[in-house]
Number of protein chains: 4
Amino acid sequence: MTSPRRGRPRTTGIDDALRAAVHELLAESGYQKSTVDMIAARAGVGKAAVYRRWRSKAELVFAAVVHDESLPPPPETGSLRGDVAGVLAVIQSSLDGPAAASALPGLLADVRADAELAERFGAQFVGRQRDYLVRMLDRAVARGELAARPDPAAVHAILLGTVFAWLHMLREPAPAGFADRLAGPLTAALRELA
Amino acid sequence: MTSPRRGRPRTTGIDDALRAAVHELLAESGYQKSTVDMIAARAGVGKAAVYRRWRSKAELVFAAVVHDESLPPPPETGSLRGDVAGVLAVIQSSLDGPAAASALPGLLADVRADAELAERFGAQFVGRQRDYLVRMLDRAVARGELAARPDPAAVHAILLGTVFAWLHMLREPAPAGFADRLAGPLTAALRELA
Amino acid sequence: MTSPRRGRPRTTGIDDALRAAVHELLAESGYQKSTVDMIAARAGVGKAAVYRRWRSKAELVFAAVVHDESLPPPPETGSLRGDVAGVLAVIQSSLDGPAAASALPGLLADVRADAELAERFGAQFVGRQRDYLVRMLDRAVARGELAARPDPAAVHAILLGTVFAWLHMLREPAPAGFADRLAGPLTAALRELA
Amino acid sequence: MTSPRRGRPRTTGIDDALRAAVHELLAESGYQKSTVDMIAARAGVGKAAVYRRWRSKAELVFAAVVHDESLPPPPETGSLRGDVAGVLAVIQSSLDGPAAASALPGLLADVRADAELAERFGAQFVGRQRDYLVRMLDRAVARGELAARPDPAAVHAILLGTVFAWLHMLREPAPAGFADRLAGPLTAALRELA
DNA sequence: AGATAAACGAGACGGTACGTCCAGTCTTAAG
DNA sequence: CTTAAGACTGGACGTACCGTCTCGTTTATCT
C-alpha cells in the first residue's frame, strides 16, 4: 500500500552517519561548539543532506540523541519499587550518555525557543516516557500496591526531575547504584501522591 | 576606607535599568532572542556599560534573574513538612517568574559551556539553596522527625528537580497549591532517604 | 553511415521544449534567477535530460538563445551602407529579444569564466558574424567602395559593440529605425579604417 | 556643518584595504571565484565590515573597480579627433585593467539583475563618462568642427561599445596604439551623426 | 519473444557561496 | 575615568543552486 516512491531514494546510512557524527562531536566539543558544518563533514555528507532531513540544528541533535532505540521500555519487575528503579535507570541512561549529557541543556534551550519544535519534543520524548509511567502505575494499582493512580504528570516530574537536577543542575556525577538508591525514597513519594 | 575614586563616577541606576531591561526582554522574547544590544538599548545604555559590569551575557542574565532579594530564606514552620512546602515555594518562585522561566534553559546551557561560570553559578545559586536545606534538615533531626540527616545533594535534587521538570521539561503550568501539593509526597521521600 | 545507436532514442521535442522554457524564464526572471531546476520543470523534463544534452547552464542558455536560425545571413543590398544596416539589424535582433536581452550579460560572465566554453562561443557566435562581415567587406572592395579591406576585427568591434553598449550598458531602449540611424555614421567609420 | 558623528568612527584604511583585496583577487581568480569571505580575509577584516559598507558582493566590486580616481577627465587636446583619442584611452584603461577586465562581465550581469544597483551604476559609471562626452562635443561645436551636437547617447554607445566589444566579446588583446588607431574612424562616425 | 541498452522523470547527493546575525572587544568624543 | 554610540573580528546559521548520481520505468533495437 506504500506509494511507489519516485526519485532517488535517500542514501541508506546517511541518517546513521549523521547521528553517529553528532554523538561523537557532542562528546568531544559539546552542543554549542558542534557546528552543523562540522557534523556534516564528519559524516562525509553535504550540509543540504542535513537540512533535507531536519529543519534546524536543534532537530538534528534531538533526533540523534533521543532516537527511538535509545529508550527501551523498562522491565516489569513485579513490584512498584523495582519498576521505579527500572524507570530511573532508563531516564538516567537517556540523560547521562556522553552525548546526551553535553547536548541536553543546549537542546532544551533551543527547544524552548521554537514552539513548533517544543511540540514534537513533548510528543516524542515526554510522551513516550509518560506511557511507560502510566502502565507502571496501572500495574501497581492492579497489584494493590496503590489505592488509586496518582497524577502521571506529578510522577513524571519527580522521577525525571530528580535525575535531571542531579546531573545537570547540581552537576554531581552519578554514583554507583544511583537509580537504585533513589528508587525507595521516590516510591514512597509516589505512594503519598495517590 | 574606600579610595577616593577619580573621574566620572558610575551613573547610579544603570545596574537597575539593565536588570529591568533583562526582565522585560526575557519575558517578551526569551533568552536567545534577547540580544545584548537589545538589552542595552532598552536600558538606554551603551554595551560597554554592560561588559564593564558582567563578563558575558550569561552573567548579566544570571545576575538579573537570580539576584539576591529573590531568594528570601524560607520560613521556619516547626515541622519538616511545612519547611519543605516553604522551600518548594521559594524554588518555584525562582524558576517560574516570567523572566526566570524563559531564561533558565538558555542560561543553563551557557553556564554548562563555560566552566568558570559554572563555578560561580554553583556557588551562588546552588550553594545558597543548599544552605537552607541543610539547616532545614538539621532542625528536623533536632526535633526527632528524622533519625539522621540524609544526603543534602539528594534532597536538593528531589526538591529542585521536581519543580524544574514540571515547569521546564514537561512544560505544564503550575496549578494552584503546587508547592503544597508536592510537600507531602516529597517529605515522605526525604524520610526514606535518611 | 551513422552507427545504428542502440537503446532508447532521445525523445523528440525535449530539445525544443527546453529551448522554449529557457526563453520564457529568461524573459520572466533573467539569467541568474532562472535556475536549471526551474527550466527543467517548466519543460516538463528531468534535470538529467538537460545535462545529457549540454554540459552546463551556460551552454544550455547559449544554445537556446544563439541558436542557428536566429542568425539568418543579412541580405546583400548592393551598397556598403545598406549592407551595414542589414548587419546592424541582425545584430540588434540577436541582442534585443526578450530572452537574449536578459541572458546576455550573465551568459557573457559565465562564458568568460570557462575557457573551454569561451572557445565554443567564439567559434560559433563570433565566427559566424565575422564571416558575414568579411564577405560584406569583400563585396564593397569589389565594388570599389573601399580601397582595401579593413581589419575585420575592428569592424566587428564597432558594429557589435555599438549595439551592445546601447542596449546593455547604457540601457536605453532601441528607438525605431535604430539600425538605420547608425548605419551611415558607422559606415563612415569603416571607410576610415581601410 | 556635518553632525558631530557619535560612536566609533570607521577605521581608516578598511575601505582601501578591501578595495585593494578586491583588485588582487579579481586579477588572480576572476569575479565569480573571488568570494566575499576571501576578500575579507585578504583585507584582514571581518565579513561584517564589508556588509556594513556595501549591500552585496556586486556593490563591493563595483565600488572597488569603478572608484572615483580611476576615471580622470581626459585632456582637452584642441581637436575633436584628439579628444576622442583621449576618451578612448580613458575608457580602455577603465575596462582593461587586470581587475576591471575580469570583473566587468560578472559585474554587468549582477548589476543587470538588481534594479536598484543598476540605477547607481548608471548614475556613476555611465553618467560621469557622459559628462565628459557632452563637454567634448560642445567644444567641437564651439570650434566649428561639428555643425550641431550629435546625440550623446549614440556617441557614448559607439565609443564605449567598440572598446568593450573588442576586449570582452571578441576577446582580442588590445594592440599598441589601440585608442589612437580607432580615434580617426570613430571621429568620422561622430561627424556623420550630427 | 526476450534480452539489452539507453533515455526518461524525480529527486537526493556533495560542495560551495551568499547574506544575516550575534557575542565580546575596541575606539571615539563628550561629560 | 565613565559614558553612549557604534564599528570591529570571528564564526555559525540556514538558504540556494550547480552539476552529478541513483532510483524505478519506459522504449527502441538486437539476438
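Heavy-atom minimum distance, B:A63 versus B:R19: O-NH1, 3.6 Å.
The shortest distance between the side-chain N/O atoms of B:Y51 and the OP1/OP2 oxygens of E:dG24 is below 4.0 Å. Taking only side-chain nitrogens and oxygens, D:R55 never comes nearer than 4.0 Å to OP1 or OP2 of E:dT20. Between C:R52 and E:dC8 there is a side-chain polar atom (N or O) within less than 4.0 angstrom of OP1 or OP2.
For C:R10, the side-chain atoms get nearest to E:dC8 when compared with the rest of E:dC8, F:dC8, E:dC18. With distances taken from any side-chain atom of A:S56 to the nucleotides F:dG14, F:dA4, F:dC8, the minimum falls on F:dG14. The side chain of A:I14 lies closest to E:dC13 when the candidates are E:dC13, E:dA23, F:dA4.
Taking atom CG of A:D110 as the reference point, atom C1' of F:dG14 lies 14 Å away to the nearest angstrom. Protein atom CD1 of C:I39 is 17 Å distant from nucleotide atom C1' of E:dG9, rounded to whole Å. Taking atom CG on C:L60 and atom P on F:dC18, their separation rounds to 10 Å, with Å as the unit. Whole-Å rounding puts the A:Q32 CD to E:dC22 C1' distance at 14 Å. Note: CG (D:D37) to P (E:dT20) measures 13 Å, nearest angstrom. A straight line from CE of B:M38 to C1' of E:dC21 spans 13 Å, rounded to a whole angstrom. Look at CZ on D:R53: it is 16 Å from P on E:dT20, rounded to the nearest Å. Atom pair C:L18:CG and E:dA7:C1' shows a separation of 14 Å (rounding to whole Å applied).
D:A48 comes within 4.0 angstrom of a nucleotide base, judged by non-hydrogen atoms across all strands.
By the neighbour-count criterion of 12 heavy atoms within 6.0 Å, atom CD of B:E119 is sparsely surrounded, having that number or fewer from other residues, nucleotides or ligands.
The base of F:dG14 lies close enough to the side chain of A:K47 for a donor and an acceptor atom to sit less than 3.5 Å apart.
In this structure, the separation between CG on A:L26 and OG on A:S102 is 5.0 Å, given to the nearest 0.5 Å.
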Go through it in stages, so that I can follow the logic: the residues are D:R55 and D:D114, the test is salt bridge (charged side-chain N to carboxylate O under 4.0 Å, His left out), and I'd like the CA-CA distance, side-chain angles, deciding distance and then a yes or no.
CA-CA 11 Å; D:R55 298 174 345 96; D:D114 176 354; 3.6 Å; yes
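Of the two residues contacting DNA chain E, namely B:K33 and D:S34, the nearest-nucleotide position lying further toward the 5' end is that of D:S34. The 5' end of DNA chain E is approached more closely, in terms of each residue's nearest nucleotide, by A:A49 than by the other of A:A49 and D:R8. Both C:A58 and A:A58 lie near DNA chain F, and the one whose nearest nucleotide falls closer to the 5' end is A:A58.
Side chain of A:R120 to main chain of A:E116: no donor-acceptor pair is present (N/O by atom type, distance under 3.5 Å, no hydrogens or angles).
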